[in-house]
Amino acid sequence: MYQFKKIEKKWQEIWEKEHSFEAITGSEKPKYYYLVEFPYPSGAGLHVGHVRSYTALDAMARKKRMMGYNVLFPMGWDAFGAPAEQYAIKNHIHPKEAVKENIKTFKHQIQELGISFDWSREFSTTDPEYYKWTQWQFLQFFKHGMAYKAKKNVNWCPTCKSVLSNEDASGGVCERCGSKVVQKEKSQWVLRMSDYAEQLLDGLNDTDFEERIKTAQINWIGKSTGAEVDFKIAEVDQKLTVFTTRPDTLYGVTFMVVAPEHPILEEYKDRISNLDEVREYQEKAKEKTEFERTQLVKDKTGVRIQGLTAINPLTNQNVPIFISDYVMMGYGTGAIMAVPAHDQRDYDFAKKFDLDIIPVIEGGDTSKEAYTGDGKMINSPILDGMTNKQDSILKMIDYLEKEGLGRKKVNYRLQDWIFTRQRFWGEPIPLVYCEKCGWVAVPEEDLPVLLPDVTEYEPTDNGESPLAKIDSFVNTTCPHCGGKAKRETDTMPNWAGSSWYFLRYMDPHNEKEMASMDALKYWGQVDYYNGGMEHATRHLLYARFWNQFLYNIGLVPNKEPFRVRVAHGMILGEGGEKMSKSKGNVINPDDMVNMYGADALRCYEMFMGDYEKEAAWNEQGLNGIYRFINRVYRAGEMINQEEGYTKELEQLLHKTIKKVTEDIDHMKFNTAVSSLMILLNKMEEIGSITKQDFRTYLLLFNPICPHVTEELNEMYGLGEALWKSAWPSYEEDKLVEREKTIAVQVNGKVRATITISVDDEEDVIKEKALQEENVKRYIEGKEIVKTIVIKGRIVNIVVR
RNA sequence: GCCUGAGUGGCGGAAUUGGUAGACGCACAGGACUUAAAAUCCUGCGAACUUCAAAAUUCGUGCCGGUUCAAGUCCGGCCUUAGGCACCA
């Protein structure tokens with residue numbers, strides 16, 4: 001059994017002392033930027049899931065360095081946010097103290113794993129030197145009209161007592177605590193992310209993200225193409241505009257529906273004869289949570305608005321207007337034209353309220369259900385007889401535009417980013433409110449706006465940030481007129497700091513700028529970015545938006561910040577369930593490092609399965625890897641005095657170099673490890689190896705198992721330290737097997753195997769095949785129709 | 001409902017992209033070493049069916065069909081499952 005504790009500590013100290021993994025900005029070497037999502041340093045400490053992704057990227061980074069690249073592989077801390085705050089509230093210490101402690105623990109745990117992070121670039125989002133620039137960038141949004149204060153219905157979590165963004169309130173529940181989110185009207189700072197919908201969608205074409213990640217983003221942005229159509233209102237001089245993806249069905253409109261919050265109701269309340277009924281419905285709708293409104297209500301409800309009637313712009317016929325909560329104010333125009341013959345929801349509503357159903361597309365039986373398929377247009381003068389849906393839509397839009405009745409319109413599900421939180425532990429928003437001048441930016445030289453040292457961090461019930469209670473923080477002077485002013489007391493969401501941290505790594509100690517243009521240009525895009533699937537629609541979208549904005553105002557050189565984005569699979573507990581404290585199946589990486597060593601833990605996590613898929617923990621598997629590493633350790637005893645590669649091993653060595661080289665690049669770590677196992681099996685079978693055999697073996701294994709390989713290299717005096725050495729190369733012509741065993745099939749079934757030489761011609765191979773006893777048995781008395789010989793692969797004899 | 005993936009032994013998973021399915025590892029079984037255990041080493045290990053044995057045969061990659069000399073891999077249609085979106089007009 002090898003002394004992994006001693007060995008691992010020794011090499012970690014050497015790497016630290018020699019600054020082995022520090023990236024050099026401006027180096028002549030080609031650059032490569034690997035990034036893993038920086039962790040939230042929670043009190044629970046490192047998770048085995050962290051180990052998986054850190055090791056994976058570490059292996060890639062170590063290999064890339066050995067291949068001569070100037071590799072940037074940084075690490076930092078995403079430390080603003082509620083957990084640290086809650087911990088602080090409970091234990092009556094300042095969150096920054098709690099964060100300091102947690103970072104210490106995390107860093108220690110990561111260092112014990114021997115991950116080759118460039119620690120010289122470390123920072124935390126909570127460092128004033130860092131959040132100064134987060135604030136500064138917020139001010140760029142503000143100054144470019146990209147941040148606005150709006151009173152709007154926001155997602156409010158009654159448990160966390162804070163506003164949530166749409167991304168944080170997905171499915172109508174609070175991302176953090178799982179409480180039902182309620183709608184609350186509040187004044188909030190909002191970033192105009194929806195302006196970037198098209199750019200965010202389009203930019204995906206310039207990236208190399210995994211398909212599932214692209215899909216998640218595309219779905220979240222939710223582009224749909226259609227038209228806006230203006231319906232006149234008969235009683236007043238006002239139009240009701242709707243968004244539809246099916247303008248081709250305009251002749252089938254028999255009623256309209258507006259959302260309960262639609263402004264038209266307030267505007268013309270005097271004309272609505274059944275206002276009480278309408279009001280009552282509006283109140284009921286408000287009480288329902290978003291969740292109930294979208295998930296539970298299958299039965300349609302609604303109220304006809306008496307006193308307002310719309311006019312179909314094509315037929316000039318009157319159509320009634322309803323309010324119903326199946327129409328959302330937040331999407332489109334908050335009003336729809338209803339075509340019950342060809343839309344299921346409209347159909348359900350029409351049936352319930354006994355409204356006309358006019359089919360405009362042939363097919364189906366519209367007395368039974370809405371027909372949503374394609375067919376010939378009917379009852380539609382300008383479209384009658386057309387059969388192609390796309391053509392009908394285009395023709396209708398064309399007509400509407402010509403007649404001034406509507407226009408082509410693209411709609412997005414993506415909404416603006418609600419950017420304020422009523423929390424203590426976040427970046428203060430660097431704005432002050434002056435009665436005379438309105439909202440004014442804090443001058444750049446006064447940044448950062450520091451979080452005050454106080455003793456109370458509790459969120460308040462009235463939805464105000466705890467900072468609002470601190471007079472010394474709130475009261476200030478207006479930078480513009482010098483009069484009395486009050487600071488904004490809301491803070492930023494913790495997605496703010498993570499929206500640009502990858503830029504700061506390029507120039508982390510810059511006191512004058514967020515990062516210098518030289519450094520930004522040198523490092524360019526993040527070449528390879530790894531993170532969890534849970535961030536595919538939040539962090540990843542925010543960071544892309546943020547970077548695209550910075551690009552548009554000339555602060556960064558690349559429009560897309562990340563080239564490749566991959567997501568690791570989750571590590572599940574031994575039973576295949578998600579690890580959780582309550583299930584008691586949490587594996588602590590420290591325990592594993594103590595029992596088996598960091599090298600074994602790393603190697604096991606690389607071997608346990610497909611990197612992108614989830615994998616269940618299995619300690620026996622880890623023990624198996626531990627045995628394997630011990631065998632590698634003992635392999636040194638087989639070293640002989642011969643020079644070069646052992647003849648018998650040469651081909652397999654070249655093959656393994658190729659395999660490991662390619663597999664690490666493609667994140668197929670499991671097969672990389674297995675090919676090293678195969679090579680070791682062969683070495684043991686031969687029982688004797690050269691120094692060069694072993695040196696190559698150690699070089700190949702080093703990215704995954706850095707400590708023990710480095711130790712063995714030194715112990716047997718095989719050469720320069722591995723981390724300073726070049727990655728081994730293979731020769732194509734050494735890969736060719738001179739002798740090979742191939743299968744012989746008769747009518748597609750394997751009947752024998754033959755050993756052939758690379759030089760054998762087709763007829764020689766054929767002859768060999770025909771001589772096999774078992775082959776003879778199957779072709780005897782039959783006619784050979786065809787013989788297929790694929791050189792070096794297979795022989796197939798077709799008989800009849 | 002729409003959009004992505006994925007289904008292979010007892011288990012985790014391989015398969016040069018159409019060419020011997022099950023590499024490698026775990027588990028299990030038998031053996032060696034040991035007073036014994038651990039550790040280590042050797043052998044076997046998809047199913048069925050023959051056989052004293054060796055060897056062979058048949059079936060087998062979610063299901064049904066197709067293309068091909070040849071299909072885990074390609075095509076068509078389903079089923080299951082994971083993730084994303086969803087009264088989104």
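Lettering of chains follows the sequences in order, A, B, ..., and the numbering in each one begins at 1.
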**OP:** Have a look at Phe607(A) and say if it touches a base, only the backbone sugar-phosphate, or nothing, with a 4.0 Å heavy-atom cut-off.
**Re:** base
Original post:
Do Arg751(A) and Tyr778(A) meet the cation-pi criteria used here (NZ or CZ under 6.0 Å from the six-membered ring centre, within 45° of the axis)?
Top reply: yes
Subject >> Side-chain N,O (Arg751(A)) to OP1/OP2 (A56(B)) below 4.0 Å >> reply: no
**OP:** With syn defined as a glycosidic angle within 90° of 0 and anti as everything else, classify U35(B).
**Re:** anti
Original post:
Once you round it to whole Å, what is the distance between C1' of G5(B) and CG of Asp610(A)?
Top reply: 11 Å
Original post:
What does Asn796(A) touch in the nucleic acid at a heavy-atom separation under 4.0 angstrom: a base, only the sugar-phosphate, or nothing?
Top reply: base
Original post:
Base, sugar-phosphate, or nothing for Thr741(A), non-hydrogen atoms under 4.0 angstrom?
Top reply: base
**OP:** Tell me which nucleotide among A56(B), C69(B), A6(B) gets nearest to the side chain of Lys613(A).
**Re:** A6(B)
Original post:
C88(B) phosphate, OP1 or OP2: any side-chain N/O from Tyr412(A) under 4.0 angstrom?
Top reply: no
**OP:** Quick one: label Ile678(A) by what it contacts on the DNA or RNA (base, sugar-phosphate, nothing), any heavy atom closer than 4.0 Å.
**Re:** sugar-phosphate
**OP:** Would you mind classifying the nucleic acid contact of Lys668(A) as base, sugar-phosphate or nothing, using non-hydrogen atoms under 4.0 angstrom?
**Re:** sugar-phosphate
Original post:
How would you label the contact of Glu614(A) with the nucleic acid (heavy atoms, under 4.0 Å): base, sugar-phosphate, or nothing?
Top reply: sugar-phosphate
Original post:
Touch check for Tyr626(A), heavy atoms < 4.0 angstrom, all strands: base, sugar-phosphate only, or nothing?
Top reply: nothing
Original post:
Is any side-chain N or O of Lys655(A) closer than 4.0 Å to OP1 or OP2 of A23(B)?
Top reply: no
**OP:** Looking at every strand, decide which applies to Gly624(A) at a 4.0 Å heavy-atom threshold: base, sugar-phosphate, or nothing.
**Re:** sugar-phosphate
Original post:
How would you label the contact of Lys214(A) with the nucleic acid (heavy atoms, under 4.0 Å): base, sugar-phosphate, or nothing?
Top reply: nothing
**OP:** Could you verify whether a donor N or O on one side chain and an acceptor N or O on the other, from Asp348(A) and Gln344(A), lie under 3.5 Å apart?
**Re:** yes
**OP:** Using a 4.0 Å heavy-atom cut-off across all strands, classify Asn681(A) as base, sugar-phosphate, or nothing.
**Re:** sugar-phosphate
**OP:** Considering just the side-chain nitrogens and oxygens of Ser224(A), establish if one lies under 4.0 Å of OP1 or OP2 belonging to A89(B).
**Re:** yes
**OP:** Please round to the nearest 0.5 Å and tell me the distance separating atom CD1 of Ile397(A) and atom NZ of Lys408(A).
**Re:** 6.5 Å
Subject >> Ile790(A), nearest nucleotide to its side chain (from A56(B), G19(B), A89(B)) >> reply: G19(B)
Original post:
So what does Gln620(A) touch, heavy atoms closer than 4.0 Å: a base, only the sugar-phosphate, or nothing?
Top reply: sugar-phosphate
Original post:
With syn defined as a glycosidic torsion within 90 degrees of 0 and anti otherwise, which applies to G7(B)?
Top reply: anti
Original post:
What's the verdict on ring pair (Phe, Tyr, Trp, His ring centres under 6.0 Å) for Phe4(A) and Tyr596(A), showing C-alpha distance, side-chain angles and the deciding distance?
Top reply: CA-CA 8 Å; Phe4(A) 56 78; Tyr596(A) 304 96; 8.1 Å; no
Subject >> Sugar-phosphate, base or nothing in reach of Thr671(A), heavy atoms under 4.0 Å >> reply: sugar-phosphate
Polar atom pairs between nucleotides 39-43 of chain B and protein, under 3.5 Å, N or O only, would you list them?
none

**OP:** Quote, to the nearest angstrom, the C1' distance that separates G19(B) from G77(B).
**Re:** 27 Å
**OP:** Decide whether Tyr331(A) and Ser224(A) meet the rule of one side-chain donor and one side-chain acceptor closer than 3.5 Å.
**Re:** yes
Original post:
What does Arg212(A) touch in the nucleic acid at a heavy-atom separation under 4.0 angstrom: a base, only the sugar-phosphate, or nothing?
Top reply: sugar-phosphate
